[in-house]
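Shown next, in structure tokens, is the structure this report addresses.
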There are 4 protein chains.
Amino acid sequence: MKLSEKRLLNKKEQILISAIKIVNQKGFQNTTMEEVAAELLMTKGSLYYYFKNKEDLLFQCHKLVLSRAIEELQAHIDEETTYENRLRKMIKTHIDYAIEEKETFNIIIKPSETFSGTKLEPILEIRRTYAGYFYRVIKDGISAKEFKNDEPKIVSMFLLGSMNWLQQWYNPAGKKSKEEIQDIYAEYILKILK
Amino acid sequence: MKLSEKRLLNKKEQILISAIKIVNQKGFQNTTMEEVAAELLMTKGSLYYYFKNKEDLLFQCHKLVLSRAIEELQAHIDEETTYENRLRKMIKTHIDYAIEEKETFNIIIKPSETFSGTKLEPILEIRRTYAGYFYRVIKDGISAKEFKNDEPKIVSMFLLGSMNWLQQWYNPAGKKSKEEIQDIYAEYILKILK
Amino acid sequence: MKLSEKRLLNKKEQILISAIKIVNQKGFQNTTMEEVAAELLMTKGSLYYYFKNKEDLLFQCHKLVLSRAIEELQAHIDEETTYENRLRKMIKTHIDYAIEEKETFNIIIKPSETFSGTKLEPILEIRRTYAGYFYRVIKDGISAKEFKNDEPKIVSMFLLGSMNWLQQWYNPAGKKSKEEIQDIYAEYILKILK
Amino acid sequence: MKLSEKRLLNKKEQILISAIKIVNQKGFQNTTMEEVAAELLMTKGSLYYYFKNKEDLLFQCHKLVLSRAIEELQAHIDEETTYENRLRKMIKTHIDYAIEEKETFNIIIKPSETFSGTKLEPILEIRRTYAGYFYRVIKDGISAKEFKNDEPKIVSMFLLGSMNWLQQWYNPAGKKSKEEIQDIYAEYILKILK
DNA sequence: TATGAATGAGATTTCATTCAT
DNA sequence: CATGAATGAAATCTCATTCAT
């Protein structure tokens, strides 16, 4: 890769990071190109040098966040340890993202309201990939007789749903720390898997 | 109540029902006043006779659906039967709404993205009330020694989250019927409560 | 037709007339919705109440002008007189429009630069209809042995081209009056038809 | 001329040739600097080294095509043969350009819509020069008693118009070949000149 | 010379909201 | 009560142009 291409990529990522920040504050629909640009001390027009349109920008935000999360999940899956351990770590990771990156991580939730046509399917695909990691570890844990359950797909969705919901009610200043929550969620799901 | 007021109420409800339909198809942010009006063979302008503004209309949609669901939950809670039975019926009800009334019932979306200022707190209040029903039945079940768990709040949220997520992946044409799903979800949550 | 519909149509036509005026001054691409609105003492937004988008507005401008011209041609064709006479009158009419309504009449010329996709074909269709009148009168004149020529299609295009070109060089303040030009053009084409 | 100036000229011409290609595809107004640059595997910015601005670029495109055509016309005029022959060849040439170089050659477009201020007059001047060749040959043919007509200016415009219009309807895949058309057009104009 | 990046002005479009009738 | 019409603010997007490197 040429230096200039690298620089372009860097800038693009910089923009994405800013955009993610704004989107996490204001939500998707309420984020304007103007605001994203302002955050970067750029002008609207410049954004269009890097991204085809708003949908494209949002799409790449989502992709960036999810792909980062996926990397972490992958690392956990690759560890040589019990399936329980892997699952626990994956839960930790997911909850971190769900709480910290709220909105961007969240297109996960209603992509069809944000994306239309061509971009929707890729988004859904990434989402499926992501969910697949949870499915995998549960399924493999079952095969390895470490877990016991007949519906790995449903369990994984059950888990994902309960974790995604956290953003709605979890209060960092509340009684339970994030870590405690992470442990409790792991405990609960393991009860289902026994 | 005078007849005219009654008629007003009827018309209002009619509008809400149409609005709910559209919102369930298009999502909150993507529903325009025009579309709601069109569905009712009215014009945009007329809607403003019944509702102060769009936010108000959406607010009342949300409220209507939630209050209907709350009535059902109340009925289940009032039954003279085991807590397990009550919880099972409540899960059934919630899943019915979550799947059928997708958007309007949709408690997932950050209300702060749709509602601003004066309407936000009332919305959150209704939601808390709603969630309270699940909290209540779990807490009481614990007090009655039917369930066993130290974190009724967290369990109820865990449950709500997993159910709300259903809209994202549940496919009516898929392998599992809605009824099977309802049973499985009840089973899982009961495992946590034992 | 209801009164309200009539009023709508009236207003639409009023807008079209203003738009035609602006377009004739500035050309298609250089006419902005803002300007059209300003001419009518309206705001941009209001135009969108009457027309779906800019292309639609321009399309209807074109249609209006052409359909008026077509009416006149039709009247000439229907007269009970020699084909030569009919053709002479049609030439008169066309030249009047070509000189007076320059631009709007002119989308005739490069519709593909102004219209895209769905609107292009209808435009071409109207254009074909229009040109068809000249073809008809020539063809019929030949059948009636009043004219003599083997290529009515080509003659009609030859004629239309020469007339459309008038806008490029005709100067109302020049030596020849519009009426003289109209006669000369008729003379020339009749020479070809003998 | 220094070598560097020569190189500059070459590059300029290269750019013009590419630009002409694009303009012929997309039309004057719809051609963007970006597209022209892309065709040359250059970047927008570079174009500004060679041309002051877009108008300048388009101007020179138009000029280049017209001046090439003019050269050919000149050659035909200079031949020692009948005026009829000269005129026939000029018609051939013009029709070739009108059909092949559609847009850039396009004399139909109102230059005032594309060119403003300083560039407009030069454009009109070239066009007049171009048209002048047809005027000349007709006028001289009349003086030489080979043609007979009192309005050489009008005849030449009549001819030019009919030929320019060809781009609007001529279909290479149609019944008549380009050569046949060229003959027919010559025939028609000669009828007028006799 | 050439380029990559940024700019900014302006154009189109959308839509909640208002209001006279 | 209902509507048709108008509004205006804001958002997206385009593109010619500039300029430091």
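Below, read A as the first sequence line, B as the second, and so on, with proteins coming before strands; counting in each chain starts at 1. Just so you know, these numbers use all the heavy atoms, side chains as well, and skip hydrogens, waters and symmetry mates.
- No hydrogens or angles considered: a donor-acceptor pair under 3.5 Å links the side chains of Gln60(C) and Asp56(C).
- The interatomic distance linking Leu40(B) (CG) with dC1(F) (P) rounds to 15 Å, in whole Å.
- Lys54(B) places a side-chain N or O within donor-acceptor distance of the main-chain N or O of Thr31(B), the cut-off being under 3.5 Å.
- At whole-Å resolution of the value, CG in Asp56(D) and P in dA16(F) are 14 Å apart.
- Here the CE-CD1 distance, from Met42(D) to Ile15(D), works out to 4.5 Å after rounding to the nearest 0.5 Å.
- Atoms CE and CG, from Met33(C) and Leu57(C) in turn, are 5.0 Å apart once rounded to the nearest 0.5 Å.
- Across the protein-nucleic acid pair, Leu57(A) atom CG and dC13(F) atom P stand 10 Å apart, rounded to whole Å.
- In this structure, dG10(E) forms a base pair with dC13(F), meeting either the Watson-Crick or the G-U wobble geometry with both donor-acceptor distances under 3.5 Å.
- Look at CG on Asn10(D): it is 11 Å from P on dT1(E), rounded to the nearest Å.
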Inset, instruction - Determine, stepwise, if the pair Thr43(B) / Ser46(B) fulfils side chain to side chain contact (heavy atoms under 4.5 Å, CB included). - result: CA-CA 6 Å; Thr43(B) 56; Ser46(B) 313; 3.1 Å; yes
Legend entry - Protein proximity profile, nucleotides 13-21 of chain E - base contact B, sugar-phosphate-only contact S, no contact -, cut-off 4.0 Å on heavy atoms: BBSBBB---
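- Comparing atom distances between the Tyr49(D) side chain and each of dT1(E), dA5(F), dA6(F) picks out dT1(E) as nearest.
- Between Leu58(D) atom CG and dA16(F) atom C1' the separation is 12 Å, expressed in whole Å.
- Summarising the geometry, the separation between CG on Leu9(A) and C1' on dA5(E) is reported as 15 Å, rounded to the nearest angstrom.
- Residues Phe51(D) and Leu16(D) form a side-chain contact, since some pair of their non-hydrogen atoms from C-beta on lies under 4.5 Å apart.
- Taking atom CZ of Phe51(A) as the reference point, atom C1' of dA5(E) lies 14 Å away to the nearest angstrom.
- Both Tyr50(A) and Leu41(D) lie near DNA chain E, and the one whose nearest nucleotide falls closer to the 5' end is Leu41(D).
- Using Watson-Crick or G-U wobble geometry with both donor-acceptor distances under 3.5 Å, dT21(E) finds its partner in dA2(F).
- Listed by chain and residue number, Phe59(B), His62(B), Pro111(B), Phe115(B), Arg127(B) satisfy the side chain to side chain contact (heavy atoms under 4.5 Å, CB included) test with Ile123(B) (two or more places apart in sequence, or in another chain).
- Atom CG of Leu47(C) and atom P of dA11(E) are 14 Å apart (whole Å).
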